[in-house]
Undergrad: 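Handing you a structure now.
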Amino acid sequence: MKLEYKKKYVLNIIKILEKEYGDVEIALEFNKPYELLFATILSAQCTDERVNKVTSVLFKKYKTLKDYSDAEISEFENDIHSTGFFRNKAKNIIGSAKMILEKHGGKVPQTMEELLELPGVARKTANIVLGGVFGKYEGMAVDTHVIRISNLLKITNHEDPVKIERDLMEIVPKKNRKNFSLLIQTLGRRVCKARRPEHSACPLNKICLSAILFDTDKSFC
């Protein structure tokens, strides 16, 4: 598909999903910048619903960055056990808390470069924090929903999140970067589920290129 058609296609996707879902917000619950950072680290290979259940207790137990920095590793692992991969997540959260305190004066850094230096932080996490806390949308968060659905929509043919982000940055207008990933994530959670997609209920079923490929009565452009 030519770039100009991809841009029009994406604008149509955004228009339909905004009409369907309205204003969408980050599903992870937080009150402080570092809480969104830690919740996002916990969300790897875990549902947002499960993370929110864990953090509703965790954020009351650990009230400051120093509490995280001083946490006893085995106890912290137990606190976050149900999110999976708890050993690495515990090590990364405690390590990030230490680095934020020691290198950044207790404030979550506001640049991609600095965030990527924190333990356990890749571009997806950094983009979520930059957008969700600081309103900076220089990049786009690419999670498993965005990877899968962007491929189904044929707006990328990559599986690597960095390459997908690069493709999306080329076709999603800057003013829509805030909502695009959130809209796609919402679609993935509610309708376009990995195991049991509800095709008939999908608001994009009339324009989705994957749907069109299986329905010769439909056309595009």
Undergrad: If hydrophobic clusters are built from ILVMFWY residues whose side chains come within less than 4.5 Å, do Leu168 and Val162 share one?
TA: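 Unlinked, Leu168 and Val162 end up in two clusters.
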
Undergrad: Between Lys7 and Val172 (side chain of the first, backbone of the second, donor and acceptor by atom type, cut-off under 3.5 Å), is there such a pair?
TA: no

Undergrad: Is the shortest side-chain heavy-atom distance between Leu115 and Thr111 below 4.5 Å?
TA: no

Undergrad: Looking at the rings of Tyr62 and Phe76, which for Trp means the six-membered one, are their centres under 6.0 Å apart?
TA: yes

Undergrad: Quick check on Glu4: does its CD atom have over 12 non-hydrogen neighbours (other residues, nucleotides or ligands) under 6.0 Å away?
TA: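 Correct, the count exceeds 12.
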
Undergrad: Supply the atom-to-atom distance Leu204 CG to Lys206 NZ, rounded to the nearest 0.5 angstrom.
TA: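 Answer for the CG-NZ pair, Leu204 versus Lys206, is 12.0 Å.
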
Undergrad: Looking only at heavy atoms, which two atoms of Phe180 and Ile13 are closest? And how far apart?
TA: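 The answer is CE1-CG2, 4.5 Å.
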
Undergrad: For Leu153, is there any backbone N or O sitting under 3.5 Å from a side-chain donor or acceptor partner on Tyr9?
TA: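 Here the side-chain-to-backbone pair exists.
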
Undergrad: Is there a donor-acceptor contact under 3.5 Å from the side chain of Glu77 to the main chain of Phe86?
TA: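 No: the side chain of Glu77 does not pair with the backbone of Phe86.
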
Undergrad: Should Ile14 and Ile155 be counted in the same cluster of Ile, Leu, Val, Met, Phe, Trp and Tyr side chains packed under 4.5 Å apart?
TA: yes

Undergrad: Identify whether Leu37 and Val57 are in the same connected component of the hydrophobic contact network (ILVMFWY, side-chain heavy atoms under 4.5 Å).
TA: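 No, no single cluster joins them.
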
Undergrad: Looking only at atom types and distance, does a side-chain atom of Tyr137 sit under 3.5 Å from a main-chain N or O of Gly131, one as donor and one as acceptor?
TA: yes

Undergrad: At what distance, to the nearest 0.5 angstrom, does NZ of Lys107 lie from CG of Leu101?
TA: 13.0 Å

Undergrad: Supply the atom-to-atom distance Glu29 CD to Ser56 OG, rounded to the nearest 0.5 angstrom.
TA: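 It comes to 7.5 Å.
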
Undergrad: Any chance you could lay out the side-chain contact (heavy atoms from CB on, under 4.5 Å) test for Asn179 and Asn176, step after step, and finish with the verdict?
TA: CA-CA 6 Å; Asn179 281 343; Asn176 298 115; 5.9 Å; no

Undergrad: Kindly indicate whether the side chain of Glu170, heavy atoms from C-beta on, has any atom under 4.5 Å from the side chain of Leu3.
TA: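 The answer is yes, as the side chains (C-beta and beyond) meet within the 4.5 Å cut-off.
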
Undergrad: Going through the checks in order, is the side-chain contact (heavy atoms from CB on, under 4.5 Å) test met by Lys163 and Thr156?
TA: CA-CA 9 Å; Lys163 292 180 180 179; Thr156 186; over 6 Å; no

Undergrad: Do you know which two heavy atoms are closest between Lys124 and Ala141, and how far apart they sit?
TA: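 Minimum heavy-atom contact is O-CB, 4.1 Å.
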
Undergrad: Taking a hydrophobic cluster as the set of Ile, Leu, Val, Met, Phe, Trp and Tyr residues connected by side-chain heavy atoms closer than 4.5 Å, whether directly or through intermediates, do Ile149 and Leu11 fall within one such cluster?
TA: no

Undergrad: Is a side-chain N or O of Asp48 found less than 3.5 angstrom from the main chain of Leu28, in a donor-acceptor match?
TA: no

Undergrad: State, yes or no, whether a side-chain contact exists between Ser69 and Ile94 at a heavy-atom distance under 4.5 Å.
TA: no

Undergrad: Does a sphere of radius 6.0 Å around NZ in Lys178 hold more than 12 heavy atoms from other residues, nucleotides or ligands, not counting ones at 6.0 Å or beyond?
TA: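 At most 12 heavy atoms, drawn from other residues, nucleotides or ligands, come within 6.0 Å of this atom.
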
Undergrad: Mind listing the closest non-hydrogen atom pair of Ile207 and Ile16 along with its distance?
TA: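 So the two residues come closest at CD1-CD1, 3.7 Å.
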
Undergrad: Indicate yes or no: at least one non-hydrogen side-chain atom of Leu118 is less than 4.5 angstrom from one of Met99.
TA: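 Yes, at least one pair of side-chain atoms sits under 4.5 Å.
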
Undergrad: Output the distance between atom CD (Glu165) and atom CG (Asp160), rounded to the nearest 0.5 Å.
TA: 10.0 Å

Undergrad: Let me see the working for Lys103 and Glu117 under salt bridge (charged side-chain N to carboxylate O under 4.0 Å, His left out), right down to the final yes or no.
TA: CA-CA 11 Å; Lys103 189 174 181 179; Glu117 292 177 352; 2.7 Å; yes

Undergrad: For Phe30 and Phe38, I'd like to know if the aromatic rings sit close, meaning centre-to-centre distance below 6.0 Å.
TA: no

Undergrad: Tell me, do Val24 and Glu18 make a side-chain contact under 4.5 Å, heavy atoms counted?
TA: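 The answer is no; the side chains never approach within 4.5 Å.
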
Undergrad: Write down the atom of Ala201, the atom of Val191, and the distance for their closest heavy-atom approach.
TA: C-CG1, 3.9 Å

Undergrad: Would you say the side chains of Glu138 and Asn127 form a donor-acceptor pair under 3.5 Å?
TA: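 There is no such pair between these side chains.
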
Undergrad: Determine whether more than 12 heavy atoms belonging to other residues, nucleotides or ligands lie under 6.0 Å from atom CZ of Phe85.
TA: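 No, because the 6.0 Å sphere around CZ of Phe85 holds 12 heavy atoms or fewer from other groups.
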
Undergrad: Ile41 and Pro119: which non-hydrogen atoms are nearest, and at how many Å?
TA: CD1-O, 4.1 Å

Undergrad: Where do His199 and Cys208 land on the side-chain contact (heavy atoms from CB on, under 4.5 Å) test, with the steps shown first?
TA: CA-CA 10 Å; His199 298 297; Cys208 174; over 6 Å; no

Undergrad: Are the side chain of Lys136 and the backbone N or O of Gln110 linked by a donor-acceptor pair below 3.5 Å?
TA: yes

Undergrad: For the pair Lys89 (side chain) and Gly84 (backbone), establish whether a donor and an acceptor sit closer than 3.5 Å, ignoring hydrogens and angles.
TA: yes

Undergrad: Checking Arg189 side chain against Ile184 main chain: does a donor-acceptor pair fall under 3.5 Å?
TA: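 Answer holds: no.
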
Undergrad: With a 6.0 Å cut-off (strictly less than), is the heavy-atom count around NZ of Lys15, excluding the residue itself, greater than 12?
TA: no

Undergrad: Mind checking whether Val121 and Thr40 have side chains closer than 4.5 Å, heavy atoms only?
TA: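 With C-beta onward as the side chain, the pair stays apart.
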
Undergrad: What is the distance from atom CG of Leu17 to atom CG of Asn12, rounded to the nearest 0.5 Å?
TA: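 It is 9.5 Å, given to the nearest 0.5 Å.
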
Undergrad: Is the closest side-chain donor-acceptor distance between Glu72 and Ser74 under 3.5 Å?
TA: yes

Undergrad: Find the distance between NZ (Lys53) and CZ (Arg50) and round it off to the nearest 0.5 Å.
TA: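 Reported value, rounded in 0.5 Å steps: 5.0 Å.
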
Undergrad: Whether the side chain of Lys91 engages the backbone of Gly120 through a donor-acceptor N/O pair (distance < 3.5 Å, no angle test) should be reported.
TA: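 Flag not set: sc Lys91 to bb Gly120 has no pair under 3.5 Å.
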
Undergrad: Do Phe59 and Asn31 come close enough that some side-chain heavy atom pair is under 4.5 Å?
TA: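 No; the side chains remain at least 4.5 Å from each other.
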
Undergrad: Can you tell me if Ser150 uses its side chain to pair, donor with acceptor, with the backbone of Ile147 under 3.5 Å?
TA: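 Not at all, since once roles are kept as given, no pair shorter than 3.5 Å links the two residues.
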
Undergrad: Would Asp67 and Lys61 count as a salt bridge (charged side-chain N to carboxylate O under 4.0 Å, His left out) if you check the C-alpha gap in whole Å, the side-chain angles of each, and the deciding distance to 0.1 Å?
TA: CA-CA 9 Å; Asp67 290 341; Lys61 180 175 180 178; over 6 Å; no

Undergrad: Can you see which heavy atom on Val129 is nearest to which on Leu36, and at what distance?
TA: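 What the structure gives for the nearest pair is CA-CD2, 4.1 Å.
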
Undergrad: Kindly determine whether Tyr21 and Leu182 satisfy side-chain contact (heavy atoms from CB on, under 4.5 Å), including the steps that lead there.
TA: CA-CA 10 Å; Tyr21 299 127; Leu182 293 173; over 6 Å; no

Undergrad: Is there side-chain contact between Ser181 and Asp143, with at least one heavy-atom pair below 4.5 Å?
TA: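 Contact flag for Ser181/Asp143 side chains = no.
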
Undergrad: Decide, yes or no, whether a salt bridge links Asp167 with Lys6 under the criterion of side-chain N to carboxylate O below 4.0 Å.
TA: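 The answer is no: the pair does not qualify as a salt bridge.
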
Undergrad: Between Ile128 and Leu116, is there shared hydrophobic-cluster membership here, with clusters defined by ILVMFWY side-chain heavy atoms closer than 4.5 Å?
TA: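 Looking at the clustering, Leu116 is in the same group as Ile128.
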
